[in-house]
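Everything numeric here is computed off the predicted structure, so don't read it as measured data.
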Amino acid sequence: MRKSAFKDNILRLIRNEIQYELDRSPPKQSPTKYESFTIDDRPGEQWIRLKRKFRENEEIKVEATMFDGAVPIPKSGVPGIKEDMLLHITLIINISKGDGDVLEILCSAWPDSIEITKLFIRRSNKTSLKAYDGPEFKELDDELQDTLYDFLEARGINDEMAIFLHEYIRNKGKTEFVRWMGNVKSYIESK
């Protein structure tokens, strides 16, 4: 009898939490396209994938994490709160031209900007386990850095994408949380 009351209490709390999340700000229907990218968002995964063709021979794939980090920033105007958090999304961009080798660019997507952190060529033959993958992006010549940002911009990977991804991932986080709570509820109900 005690076990049944405990189970009923857990189920009630989970149902309340789900209802609270849905009432407070229900998840929106996620778009399946962004600009010329198609979006592959698999329920239950922590990544989304955006894909597109560019010109006649480039395939572009952008993999984006859910929020995977944050940095503190000063908060002004709110008494008692000294810091807010700036959320971070990791992007892995793969650009291939059909020859098997892939230009891979690692980026940070901040709420309103994309920041390149590293780029290198992934060889299709994978001859070396620890190939030299180049310097940190910030160590490159400033003009080369600017040109590489222009290269991404021409392919639709820009600050507007960062803004879109932050909105998308915020909604995905809510959707995944509600789904997870539903899975926990179903599991407890079945036992």
Side-chain angles (χ1 to χ4, degrees), residues 27-71 86-180:
K28 301 175 208 126
Q29 179 68 32
S30 297
T32 58
K33 286 192 147 308
Y34 167 73
E35 302 290 329
S36 56
F37 288 90
T38 58
I39 300 171
D40 179 15
D41 182 357
R42 297 180 186 146
E45 286 191 9
Q46 295 187 42
W47 289 82
I48 66 166
R49 289 154 197 87
L50 295 90
K51 293 181 181 179
R52 74 170 286 202
K53 286 189 179 289
F54 182 73
R55 297 192 178 131
E56 65 280 344
N57 66 341
E58 282 187 12
E59 294 281 335
I60 301 172
K61 179 175 69 169
V62 178
E63 294 184 308
T65 63
M66 291 182 68
F67 297 120
D68 62 353
V71 294
L86 190 62
L87 296 175
H88 173 270
I89 298 170
T90 297
L91 301 182
I92 301 173
I93 301 161
N94 288 302
I95 301 172
S96 60
K97 292 188 177 189
D99 63 0
D101 291 345
V102 175
L103 174 62
E104 188 162 292
I105 304 171
L106 303 177
C107 296
S108 293
W110 298 100
D112 60 357
S113 65
I114 300 272
E115 176 185 344
I116 300 172
T117 56
K118 191 96 171 148
L119 73 141
F120 47 92
I121 300 294
R122 285 249 184 252
R123 300 284 178 203
S124 60
N125 59 12
K126 298 181 176 125
T127 56
S128 174
L129 292 175
K130 189 58 182 153
Y132 176 69
D133 60 2
E136 292 300 314
F137 185 76
K138 290 188 183 283
E139 295 174 15
L140 297 174
D141 174 78
D142 290 345
E143 188 176 351
L144 177 56
Q145 289 182 39
D146 291 343
T147 302
L148 288 165
Y149 279 109
D150 293 342
F151 175 83
L152 287 181
E153 176 90 30
R155 286 152 181 79
I157 302 164
N158 52 31
D159 296 344
E160 289 78 25
M161 179 182 270
I163 294 166
F164 168 80
L165 287 172
H166 273 257
E167 291 173 16
Y168 191 100
I169 295 299
R170 190 173 296 107
N171 186 61
K172 179 173 175 60
K174 178 173 289 295
T175 301
E176 294 299 339
F177 177 69
V178 169
R179 182 187 335 276
W180 176 79

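- Applying the side chain to side chain contact (heavy atoms under 4.5 Å, CB included) criterion to Leu87, with sequence neighbours excluded, gives Phe67, Ala70, His166.
- With rounding to the nearest 0.5 angstrom, the CZ atom of Phe137 is 8.5 Å from the CD1 atom of Ile105.
- Expressed to the nearest 0.5 Å, how far CG of Asp141 lies from OG1 of Thr147 amounts to 8.5 Å.
- Annotation for Gly173 and Met66: closest pair CA-CE, 3.3 Å, computed over non-hydrogen atoms.
- The list of ring pair (Phe, Tyr, Trp, His ring centres under 6.0 Å) pairs with a residue in residues 45-65, not counting sequence neighbours, is empty.
- Taking 4.5 Å as the limit, some side-chain heavy atom of Lys61 sits within range of a side-chain heavy atom of Glu63.
- In this structure, the salt bridge (Lys or Arg N to Asp or Glu O under 4.0 Å) partners of Glu104, at least two apart in sequence or on a different chain, are Arg122.
- If you take CG on Leu91 and OG on Ser108, they are separated by 8.0 Å, rounding to the nearest 0.5 Å.
- From Phe177, atom CZ reaches atom NZ of Lys172 across 15.0 Å, with rounding to the nearest 0.5 Å.
- Using a 4.5 Å heavy-atom cutoff, the side chains of Ile157 and Leu50 are not in contact.
- For Asn171 against Pro27, the heavy-atom pair with the smallest separation is OD1-CA, 3.3 Å.
- Contact annotation: the side chain of Glu115 approaches that of Lys138 to within less than 4.5 Å [non-hydrogen atoms, C-beta and beyond].
- Classified by interplanar angle (parallel below 30°, tilted 30° to 60°, perpendicular above 60°), the ring pair Tyr34/Phe37 is parallel.
- Around NZ of Lys118, the count of heavy atoms belonging to other residues, nucleotides or ligands within 6.0 Å exceeds 12.
- Of the inter-residue distances, the one linking Asn94 atom CG with Ile60 atom CD1 reads 10.5 Å to the nearest 0.5 angstrom.
- Applying the salt bridge (charged side-chain N to carboxylate O under 4.0 Å, His left out) test to every pair with at least one member in residues 145-167, sequence neighbours left out, gives these pairs: Glu58-Arg155.
- Nearest approach of Arg179 to Gly44, heavy atoms of both residues: NE-N, 3.8 Å.
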(Q) Working note: Ile93 + Ile116, criterion side-chain contact (heavy atoms from CB on, under 4.5 Å); need CA distance, chi angles, decisive distance, verdict. (A) CA-CA 10 Å; Ile93 301 161; Ile116 300 172; over 6 Å; no

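- A heavy-atom distance below 4.5 Å is found between the side chains of Ile92 and Leu106.
- When all heavy atoms are compared, the tightest approach of Met161 to Gly156 is CE-O, 3.6 Å.
- Remark: Asp40 pairs with Arg42 by the side-chain hydrogen bond (donor to acceptor under 3.5 Å, both in side chains) rule, at least two apart or across chains.
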Q) Can Asp41 and Ser30 be said to form a side-chain hydrogen bond (donor to acceptor under 3.5 Å, both in side chains), step by step? A) CA-CA 9 Å; Asp41 182 357; Ser30 297; 4.5 Å; no

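- Applying the side chain to side chain contact (heavy atoms under 4.5 Å, CB included) criterion to Ile121, with sequence neighbours excluded, gives Asp101, Leu103, Arg123.
- Closest heavy-atom contact between Ala162 and Trp110: CB-O, 3.4 Å.
- The distance from atom OG1 of Thr90 to atom CG of Asp68, rounded to the nearest 0.5 Å, is 3.5 Å.
- Residue Lys51 places its NZ atom among 12 or fewer non-hydrogen atoms of other residues, nucleotides or ligands, all under 6.0 Å distant.
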